[in-house]
Structures are given as C-alpha cells and as structure tokens.
Amino acid sequence: MARSRRRVALSFIFSFKGLAATIAVVGCFFFTCSFLLSVHVDSSTPTDHEVLGLKRYEPSDGRHPLSLTPNALEAQLKDTVRSMVDYQRLLLIHGSIARKLKLESTKLVTSFAEFSMNFTDLIEKASHYDVSDSNTTLAHRFLKQAREKVKSAKQLISKSKGSFDSQLKIQKLKDTIFGLEEQMTKMKNKGEFAKSIATKAIPRNLHCLALRLMQERIENPIRYNNKQTKSRKEFEDPNLYHYAIFSDNVLAASVVVNSVVQNAREPWKHVLHIVTERTTLAAMKVMFKLKDHNGAHIEVKAVEDYKFLNSSYVPVLRQQESAELQGYYYGNGLENSTSDPSNLKFRNPKYLSIMNHLRFYLPEMYPKLHKILFLDDDVVVQKDLTGLWEVDMDGKVNGAVETCFGSFHRYDKYLKFDHPLIKETFDPKACAWAYGMNIFDLDAWRRDNCTEKYHYWQELNGNRTLWRLGTLPPGLITFYSTTKPLDKSWHVLGLGYNPRLSEEKIQNAAVVHYNGDSKPWLATAIPRYQPLWTKYVDYDLEFFRACNFAP
C-alpha cells in the first residue's frame, strides 16, 4: 500500500513538472509584454503573480508541519513545489531582463542564477520524499528549507523592482533634465539681457574722454578753429585713397584711424572722412587735432551737415517717428527681451539710427569721388589697404568678403522668405557677405540707382515683414547680384563673439572685425583679441591718462 502511494505521488510530481514547464513558457511571454508596456511601478501596479496569473504562495493553514497528517503534508509538499516552480520562473525572467538591460555584472543577476539553481535542486529532491506515516522527517525538513528559499526569492524579486523599472527612471531623468533646461533658459535670457545692457552702455572712462576733449575745445577755441580745415582740396581729390568712418565713439574712431595710418605705406595719400553726431563733434575734432597722423588727411563732420538727410527723403528718419517702432525699441525692454531672446539684439535702437544707415548715401555724401572704402568703427587695420582700390570690380558696386559656408549665412538667414515678394525676387541660398570693410564703386552705384533700390525696400519693411531690423539685410537686398567677392584674407570677422578663431587667419588678415557684443573697449571683450586693438590706443596722451585708460 505504501509503495503504491509512493508511485502515485511521484507520477503526480513528474506530471506537474511538465505542466509547470508549459506554464513557464506562457508566463514568460505575458510577463515580458507586461514589463515592456509598463511606464512605472506604484502602489496600483499589478504584482508579478497577478501579471503571470500565478497562485500566490501561502500555507494552506496555520498549523506547524509536524502536526500535519500525511495527506495534508502531501498537499503542502505539492503546493510548495508549485510555488518553487513559479518563483524559479520569475527568477529566470528577471535574469533575462537584467541581461537585456546590460546588468550582467551586477550582484543581482548572480543572485537570480543562484536562486534558480537552488530551486532546481529542491524540486529534484522533492520527487524522492516519502510522505508515509513512518517517513515524514525529510519532508518536514524540505518544507522548511523550501519555504525559506521562496521567502528569500520573493524579497529578492521585490528588491529588484527599482532596478528594472527603466521607464520610471527615464521619466525621472526627463523631469530632471526639463527642470534644468528651464532654469538654464531663464539664466541665459537674463544673461543675454544683462549683456545687451553692457553693450549699449558707455563705459565711464570713455564718457570721461569725450567730456575732457570737449572741455579742451571750449577752453581753446582758436586752436580748433573750423576755418583752418574748410575747403581742403584733398577731401575731394578722386586720385587719393578715401575712407568713410561713421561713429559717435571717439576712442573707437581713433583706433581705426591710427591703424589705417600706421599700416599705410604712403599715409599722406589717404583721406579719412569721419561723420559723427552733433553731440560728439567737438570731442572728435579735438581728438584728431592732437597729432599729425603721418600726413594723412582727416575730415570730421556732423551728420547734420548733410542737409539732404531729412525725413522727407530718408525712410529711416520717417520710421523713427512711428509710435509702433518707438514701443518696439523702448517699451518694457526687460520683459520683451527675456521673453524673446532670439530677437534681443535686433531691439537695439542703433539699427534704426541714421548713423547706421549713412552707408546707403555714400555717392551723395561724396559726389566727386569714384571709389570709397567703408570701415566700421569696431575694426582694426593690420596691413596697407591700397590694394583694394586696384581690385577689378567687374562692373559690380560692392566689394565684400562672403561669409557663407555650407548652409550657413545664406540669404534665408536674414530675409523672410515666407513673404511672397522676397520669395519671388531673391534666391534663399544666395551667399551673404560682411559689412564692416567694403570697397564701393560709386560710379557703378550711381549707374544702378542703388540708393533708390534701398529706399524702395526700406519703405516696404516699415512693419518688419521683410526682414528683422539691421543694416545687413537691406544691404543684401540693395547689392543683390552686384557684389564682388573679395579674398577672405582682406576681412576676418568674429573677434567680438568667437574666442576660437585661427591664430594664422588673424595674423594674415588685412582687417580684423570685432563684430558681436564683446567690443574691445568693453569689459566683456575677449582677452585673447584685445592686444590687437589696444596697440593703437594713444595711451601716452594726457586725456587718456586723466581718464584712467591703462594698456
């Protein structure tokens, strides 16, 4: 009878193992799908047993194994074996997932493998136990050992939840990154706004210099009498090399002039036309009277001296009277700037200043000249520039260095090609060029009526639908298809924003340009490039020493 019972028990166990293997395959499939679709685990997430459809292991009653009858002991043995099979399956699945997550080297994966092997041994031993009345000791010991293993496996699986819930980790990382990006955006906007204020501000020593020069003019009127320089024929002689420099910055203009003169082979053949505002005219005149400049001819005039520049003729002057544009420039600057940092630099009123648009009136300002070289006040000349007057312009109006490379600095960067008129007239992939050092053929300019073209487009852009404000976009339009590309060594840009320019490129450049916010006379200047500019500052003059300028 006992032998018959043993055979029944063993056949049940082995048939149960076959059934368990089938359940394992099906359970593995459902668990894997459930794991991949889950977003995170919280108190409402189904447990592993619920996902797999497994029976949660619990003792059938609260009695100690030693007090069980043989039939009850046999039932508990079957129940325990079933639980071990279930948890072994869970361990195998977790181990597989861990390997997919590249956690092979962790202690957790090793524990999964060890527990799985232990369950295999215990399940194998279960088939040899006799639960007859005379031989229950081994079965009791097995039950105790098996339950401890099941409990430990359950704890291990529970502990691994945090490591495997990758979706939850990814979401937490995304939330952290989003929060940091928001903070960075706010700080960047504040930094851009502070930088824009610094760019527009006049440094104290620069303000001091202008005031002291003006004081010198008031105290010594005879020395700076305007009659001494009126009607000098050199200013209209087309056989000389003429430059146009428009600036209200006394220090910057003096550096441009000094760098031109000191690098010219024959400085007495160079004529520099400086146009400034009425408020800085006296200081500018004194500055260029303080030394000889090696025989170079320097003319200083105020923009108000050109009577044709009035609101009836100049579109920009009419637009300055617009209430909408005044609100755009001066209305609640902090809020507008920080909410739209990409447009911050275009909200600078200088872009609608007549001083910035004088470059479009060169033929009328200098009617007797054939060619003129335009220089911004944030450039430094490093070589003799007379070769520019010898460049064959091929009938073009504007000689300039192109700035495009790849898809960058094309016309579509500066003009709004969603406007039908812009789209029909210009090629969005046409190469842009640099303002700041431009040789203009004034005869070709007059022939092509370029100033009239500029007026036409500037009038159309009164509501800023064709381009954002600035002088480069209307320049690109005015001189479209009539610009002669110059060799790039004539003009190197970026010293006002790019600290990683090639040293060789800078040394070989005829003109270096501090375009950008980090002007060389500001505290925000890039230290690496400042010596190129400071070498042309007149630190030995009394006015510079009095205003605390230091090399």
Side-chain angles (χ1 to χ4, degrees), residues 244 246 303 306 308-326 328-329 342-343 345-366 372 374 376 393 395-404 409-436 438-485 515:
F246 307 142
V303 65
Y306 298 92
F308 70 91
L309 295 173
N310 51 65
S311 59
S312 64
Y313 179 64
V314 180
V316 164
L317 292 176
R318 287 196 298 276
Q319 290 166 358
Q320 286 179 5
E321 300 169 357
S322 162
E324 191 271 335
L325 276 181
Q326 288 179 8
Y328 179 79
Y329 281 123
S342 63
N343 290 326
K345 66 179 181 178
F346 296 103
R347 305 185 79 92
N348 192 332
K350 76 173 186 178
Y351 289 113
L352 209 61
S353 164
I354 184 60
M355 287 292 296
N356 222 32
H357 287 256
L358 283 178
R359 63 193 72 187
F360 293 105
Y361 299 96
L362 290 170
E364 294 159 286
M365 295 173 72
Y366 308 105
I372 196 167
F374 170 76
D376 264 338
M393 297 287 286
K396 306 290 186 181
V397 177
N398 171 34
V401 170
E402 292 184 331
T403 56
C404 62
H409 291 191
R410 303 282 176 175
Y411 267 50
D412 57 2
K413 174 180 172 61
Y414 303 97
L415 306 179
K416 295 183 178 181
F417 277 86
D418 54 349
H419 193 286
L421 191 56
I422 293 291
K423 188 176 181 179
E424 292 170 7
T425 311
F426 304 102
D427 177 7
K429 300 306 176 186
C431 188
W433 41 265
Y435 252 142
N438 307 78
I439 184 73
F440 288 108
D441 185 330
L442 300 182
D443 293 332
W445 185 316
R446 298 180 186 103
R447 179 199 67 209
D448 291 349
N449 297 317
C450 291
T451 301
E452 287 74 12
K453 289 180 184 177
Y454 159 71
H455 281 176
Y456 171 77
W457 290 102
Q458 187 68 36
E459 290 276 15
L460 289 177
N461 195 49
N463 55 0
R464 304 187 304 280
T465 56
L466 305 184
W467 67 83
R468 292 184 295 178
L469 295 175
T471 50
L472 179 56
L476 295 176
I477 287 178
T478 302
F479 304 112
Y480 179 66
S481 74
T482 186
T483 295
K484 167 79 173 183
N515 59 310

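If you read the sequence from its start, that first residue is 1, and numbering goes on from there. Quick caveat: nothing in here was measured; it's all calculated off a predicted structure.
The shortest non-hydrogen separation linking K396 to S481 is NZ-O, 3.1 Å. A pairwise comparison of heavy atoms in N310 and L317 identifies C-CD1, 3.5 Å as the closest pair. Residues P485 and T483 share a closest heavy-atom pair of CD-O, 3.5 Å. Looking at every heavy atom in both residues, W433 comes nearest to G475 through CZ2-O, 3.3 Å. For the residue pair K453 and T478, the shortest heavy atom distance occurs at CD-O, 4.1 Å. Residues M393 and I439 share a closest heavy-atom pair of CE-O, 3.6 Å.
R468 CZ to L415 CG: the interatomic distance, rounded to the nearest 0.5 Å, is 11.0 Å. Rounding to the nearest 0.5 Å gives a distance of 9.0 Å between CG of D418 and OG1 of T465.
Of the possible donor and acceptor atoms, none in the side chain of T482 sits under 3.5 Å from a partner among the backbone N and O of N398. Checked by atom type and distance alone, the side chain of Q319 pairs as donor or acceptor with a backbone atom of Q458 at under 3.5 Å. Side-chain N or O atoms of N463 include none that pairs as donor or acceptor with a backbone N or O of N461 at under 3.5 Å. Distance alone, capped at 3.5 Å, is enough to place a donor-acceptor pair between the D441 side chain and the A444 backbone. Using modelled atom types, one side-chain atom of K416 and one backbone atom of R464 make a donor-acceptor pair closer than 3.5 Å.
Using bins of under 30°, 30° to 60° and over 60° for the plane-to-plane angle, the ring pair F440/W445 lands in the perpendicular bin. Taking the six-membered ring where tryptophan is involved, the planes of Y361 and Y313 are tilted, since the angle between them lies from 30° to 60°.
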Can you check side-chain contact (heavy atoms from CB on, under 4.5 Å) on D443 and R447, steps first, answer last? CA-CA 6 Å; D443 293 332; R447 179 199 67 209; over 6 Å; no
Go through the steps for V314 and H357 under the test side-chain contact (heavy atoms from CB on, under 4.5 Å), then give the verdict. CA-CA 9 Å; V314 180; H357 287 256; 5.9 Å; no
Take Y454 and V316, measure what side-chain contact (heavy atoms from CB on, under 4.5 Å) needs, and give me the verdict at the end. CA-CA 11 Å; Y454 159 71; V316 164; 3.3 Å; yes
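In this structure the side chain of Y411 reaches within 4.5 angstrom of the side chain of Y480, judged on heavy atoms. Between W467 and I477 the shortest side-chain heavy-atom distance falls below 4.5 Å. Within the 4.5 Å cutoff, the side chain of F360 has no heavy atoms near those of the H455 side chain.
Residues meeting the side chain to side chain contact (heavy atoms under 4.5 Å, CB included) test with A434, sequence neighbours left out: T403, H491, L493.
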When the side chains of residues 419-428 are checked against the rest of the protein, which donor-acceptor pairs come out under 3.5 Å, sequence neighbours left out?
{"from": "H419", "atom 1": "ND1", "to": "L421", "atom 2": "N", "distance (Å)": "3.1"}
{"from": "T425", "atom 1": "OG1", "to": "L421", "atom 2": "O", "distance (Å)": "2.7"}
{"from": "D427", "atom 1": "OD1", "to": "K429", "atom 2": "N", "distance (Å)": "3.0"}

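Between R359 and D376 a salt bridge is recorded (basic side-chain N to carboxylate O distance below 4.0 Å).
Summarising the local packing, NZ of K413 is surrounded by 12 or fewer heavy atoms from other residues, nucleotides or ligands at distances under 6.0 Å.
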